[in-house]
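Scroll down for the structure; my scribbles are underneath it.
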Amino acid sequence: MKERRILVTSALPYANGPIHIGHLVEYIQTDIWVRFQKLRGHRCIFLCADDTHGTAIMISAQKHGVTEEAWITRINEEHQRDFAGFDVAFDNYGSTHSDENRQLCAAFWKAIRAAGLVVEKDVTQLYDPVKGVFLADRFVKGKCPVCGKPDQYGDSCENGHTYTAAELVEPVSTLSGAAPEIRSAPHLFIQIEKLHDFLESWTQSGDHLQPEVANYLKGHFLHEPLRDWDISRPAPYWGFEIPDFPGNYWFVWFDAPIGYMASTWQWCKQHGEDFDAWWRNPDTEIHHFIGKDITYFHTLFWPAMLKAAGFNLPTKIHIHGFLTVDGRKMSKRDGTFIKAATYLNHLDPSFLRYFYASKLGPGIDDIDMNLQEFVNKVNSDLVGKVVNLASRTARFVQETGLSATYPEDGGLFQQGAAAEEDIAAAYETGDYNRAMRLVMELADRANAYVESTAPWALRKDSSKAHQLQDVCTVALNLFRQIVVYLAPVLPRLATQTGQLFNCPIQSWSDAQTPLVGVAVSPFQHMLQRADMKEVHAMIEETKADAAGGEPVRFDDSDEFLKAEPIAPQCTIDDFIKVDLRVARVIAAEEVPDARKLLKLTLSLGGAERRTVFAGIKAAYEPKQLVGSLVVVVANLAPRQMKFGLSEGMVVASGPGGEDVFLLRPDKGAQPGQRVH
RNA sequence: GGGGCCGUAGCUCAACGGUUAGAGCAGCAGACUCAUAAUCUGUUGGUUGCAGGUUCGAAUCCCGCCGGCCCUACCA
């Protein structure tokens, strides 16, 4: 087999928060592929970095009262620790805020300028005069100019109307609560349309993209002229200043993918390698692994940039879907927004690596992590089938070691060796779930072999000692063969298996030759079974983290006062007009077709019942509300809503969405009591 | 609004347009006792979302519905 030179990347995680199990789908997927290539003897390097620029990071740093540099340094350490905890082994992990990246950005910029792709245009944008920043759409809220719906973000409302942020009625900055100003500033654009023909042929031919992605690009973007890409941001902005456009910075998406190269460069410096051999030599393969959310940037902008600057184009962009947990989007409220660090407090990283491998295919479908299935699968496959092989035979040959010559095994080892090609092909194409299925077939056959040869019976007859040794030699070699095939997924198991036989697993071809005549170390458990209790504990910790972790540190910012200034003074008589009552939630149900509402039936004591439609669906489970006490405006005029008559209002704070916080009376309160 | 992907057994998934749609898990019935309540044998279970069309032949191709997820470029 010819040695390939392969450069692999995972998307750069944004330096704005911790790594969670959703991120890990990608990093584990990539790491498996890289380990597979290395095991096969190819020259392969795995590069990544933190993506450290942009408005969001500027704001996070401000919020925590630290400089941007301090902030991204801290996050970088956390990220590297989290990845290491899952055996994701980068050859280099850098940062887009590095000298290498700055220099490379400048080189790209020069080339793109020289190619005549840059044009200057004025951009009108909303500006927050309090925070002193330009506001991206998601930082502006207001009424939809078409239907008047309040609290709508950006450039489209929930009813599907589209508009520009500047058209919002009564806009408010979500950062400061201030009314934004409209400001105009010059921006630089890259005229990506000038590379339309190139992008059309690059995306639609060859094997650079999964077919559904090529279709998506054709259907969505390439059927019409590509719009110019706004690549600059006026100060204040956290990023690299554009050398020939002072006071303006490259938009984070310009310098982020260049970070792949900057990370390569750092690695080259450390290892005395030639950078151009990796990025300007067409014999080098370049593989990017990304999530489907950033398809556009990696399949159009990035190839265009590389083309314009004369670098290697990606060989293949491997795009994966998102992770759901128990069929739902990860959510802090459900405790399924599980951080990498939280997972490691409870469960073995190998479990997640194997589970993801058993789910991942070559397509871009989302994958679901059903928690019960997760536990069943890792226990059944890894402990019950694979590790069990060693566990049930290794002790029998502890004194004798393996037989000196490989015994007759009915062709089992040879069958396993022959499976190498299929399994390798599955890894190569990212069809890990197929690879795992093929391997488990081998494990099933091996267990059946042990069953039929019954070493525990042979052991009882001292005249059959030799036979016993032979049977265990076969079983343990089948086990080792399986572990070689699983080594990209389970590096720890591979190491442990190497120790068991005093012979490390180093190459894919180790599955072709049985071990004979070697000593067998005392057997130790290689994996503990996963327990649903641990999973629940992990969920509980995540919930507690979400509920208690952040908000406990009140910073008493003036954010909310600014968003909603204190109302004009009122008298006690005014207040008395509002009749607040303690109410008990008798029933809570989802309203079909309603996006935000829950239908509550409340008891105010006696026969007094109220039906209230409350906009708290995103924040509360109906089940957890039933039986609890809330505060209701009891004399509010009933309001006819789309789904029925609402006879009151439950009192809550918070801006909306998932951030709604019901006021609940302390223990001892009774339904019907007035609040004053 | 435009677009992409998906819908197959209780669950998670397979099946170049070609035998009777298959696996694993779960379930059920046995066996075994070496092994971490592991393992082995057998077995229940499907109108392939719905309705049409093309074809000798459709889970697969085409059209229309229904349902789910996602994208829609100053969002990282």
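Everything numeric here is computed off the predicted structure, so don't read it as measured data. A, B, ... follow the sequence lines: proteins, then strands. Residue 1 opens every chain.
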Quiz prompt | Distance between P atoms of B:G27 and B:C6 (Å, rounded) | solution = 32 Å
Quiz prompt | Pairing annotation in dot-bracket form, given for RNA chain B with Watson-Crick or G-U pairs under 3.5 Å and | for cross-strand partners | solution = (((((((..((((....[...)))).(((((.......))))).....((.((..]....)).)))))))))....
Quiz item: For A:Arg233, which contact category applies under a 4.0 Å heavy-atom criterion: base, sugar-phosphate, or nothing?
Solution: base
Self-check item: Donor + acceptor pair across side chains of A:Tyr93, A:Asp50 (<3.5 Å)
Solution: yes
Self-check item: Separation between the C1' atoms of B:A35 and B:G42, rounded to whole Å
Solution: 23 Å
Quiz prompt | C1' gap between B:C56 and B:C65, integer Å | solution = 29 Å
Self-check item: Ion pair check, A:Lys359 and A:Asp368, cut-off under 4.0 Å
Solution: no
Practice problem: Could you check how far OH of A:Tyr449 sits from P of B:U41, rounded to whole Å? | Solution: 15 Å
Quiz prompt | Annotated protein contacts, base or backbone, on nucleotides 31-36 of chain B with a non-hydrogen cut-off under 4.0 Å, one of B, S, - each | solution = -SSBBB
Quiz item: Taking the six-membered ring for Trp, is the centroid-to-centroid distance between A:Trp302 and A:Phe297 below 6.0 Å?
Solution: no
Quiz item: Does A:Arg233 make a cation-pi contact with A:Tyr249, if we ask for NZ or CZ under 6.0 Å from the ring centre and within 45° of the axis?
Solution: no
Self-check item: Spacing of A:Lys385 atom NZ relative to B:A23 atom P, expressed in whole Å
Solution: 13 Å
Quiz item: With the threshold set at 4.0 Å, does a side-chain nitrogen-carboxylate oxygen contact exist between A:Lys339 and A:Glu78?
Solution: no
Quiz item: Starting at CG of A:Leu360 and ending at C1' of B:U12, how long is that distance when rounded to a whole Å?
Solution: 13 Å
Quiz item: Whole Å only: how far is the CG atom of A:Asn370 from the P atom of B:G10?
Solution: 15 Å
Self-check item: Any donor-acceptor N/O pair, A:Thr473 side chain to A:Ser403 backbone, under 3.5 Å
Solution: yes
Quiz item: With sequence neighbours excluded, what pairs up with A:Asp531 under the side chain to side chain contact (heavy atoms under 4.5 Å, CB included) test?
Solution: A:Lys533, A:Glu534
Practice problem: Rounded to whole angstrom, note down the C1' distance from B:A9 over to B:U43. | Solution: 14 Å
Quiz prompt | Residue closer to the 5' end of RNA chain B, A:Arg445 versus A:Leu300 (nearest nucleotide) | solution = A:Arg445
Quiz item: In residues 347-357 of chain A, which residues come under 4.0 Å of RNA chain B by heavy atom?
Solution: none
Exercise. Determine the contact category for A:Gly54: base if any of its heavy atoms lies under 4.0 Å from a base atom, sugar-phosphate if only primed atoms, P, OP1 or OP2 are that close, otherwise nothing.
Key: nothing
Exercise. To the nearest Å, give me how far apart CD1 (A:Ile364) and P (B:G7) are.
Key: 13 Å
Atom pairs under 3.5 Å, N or O on each side, protein against nucleotides 66-70 of chain B: can you list them with distances?
{"residue": "B:C69", "atom": "O2'", "partner": "A:Asp366", "partner atom": "OD2", "Å": "2.5"}

Exercise. List the steps, then state whether side-chain hydrogen bond (donor to acceptor under 3.5 Å, both in side chains) holds for A:Ser232 with A:Asn248.
Key: CA-CA 6 Å; A:Ser232 75; A:Asn248 289 274; 4.6 Å; no
Self-check item: Residues that A:Tyr237 engages under side chain to side chain donor-acceptor pair (under 3.5 Å), provided they are two or more places apart
Solution: none
Quiz item: Is A:Asp444 touching bases, backbone alone, or none of the nucleic acid, heavy atoms closer than 4.0 Å?
Solution: sugar-phosphate
Quiz item: Between B:C74 atom P and A:Asp122 atom CG, what is the distance in whole Å?
Solution: 18 Å
Self-check item: Residues, nucleotides or ligands: over 12 heavy atoms within 6.0 Å of A:Glu120 CD
Solution: yes
Practice problem: For A:Tyr449 and A:Asp409, test the side chains for any donor-to-acceptor distance below 3.5 angstrom and give the result as yes or no. | Solution: no
Self-check item: A:Lys121 NZ - B:C74 P separation (whole Å)
Solution: 12 Å
Self-check item: Centroid-centroid distance, A:His318 to A:His288, less than 6.0 Å
Solution: no
Exercise. Count the heavy atoms of every other residue, nucleotide or ligand shown that sit under 6.0 Å from CD of A:Glu241, and state whether that count exceeds 12.
Key: yes
Exercise. Determine the Euclidean distance between corresponding C1' atoms of B:G57 and B:G30; express it in Å to zero decimal places.
Key: 42 Å
Exercise. Take atom P in B:C63 and the same atom in B:C25, then report the distance between them in whole Å.
Key: 39 Å
Quiz item: On RNA chain B, nearest-nucleotide positions of A:Ile192 versus A:Ala256: which is more 5'?
Solution: A:Ile192
Self-check item: C1' spacing across the pair B:G64 / B:G10, given as an integer number of angstrom
Solution: 31 Å
Practice problem: Say whether A:Asp431 and A:Thr429, considering side chains only, have a donor N or O and an acceptor N or O under 3.5 Å apart. | Solution: no
Self-check item: Nearest-Å distance for atom pair CG/C1', residues A:Leu438 and B:G24
Solution: 13 Å
Quiz item: Quick one: are the ring centres of A:His53 and A:Trp250 less than 6.0 Å apart?
Solution: no
Quiz item: Expressed in whole Å, how much space separates the P atoms belonging to B:A15 and B:A23?
Solution: 14 Å
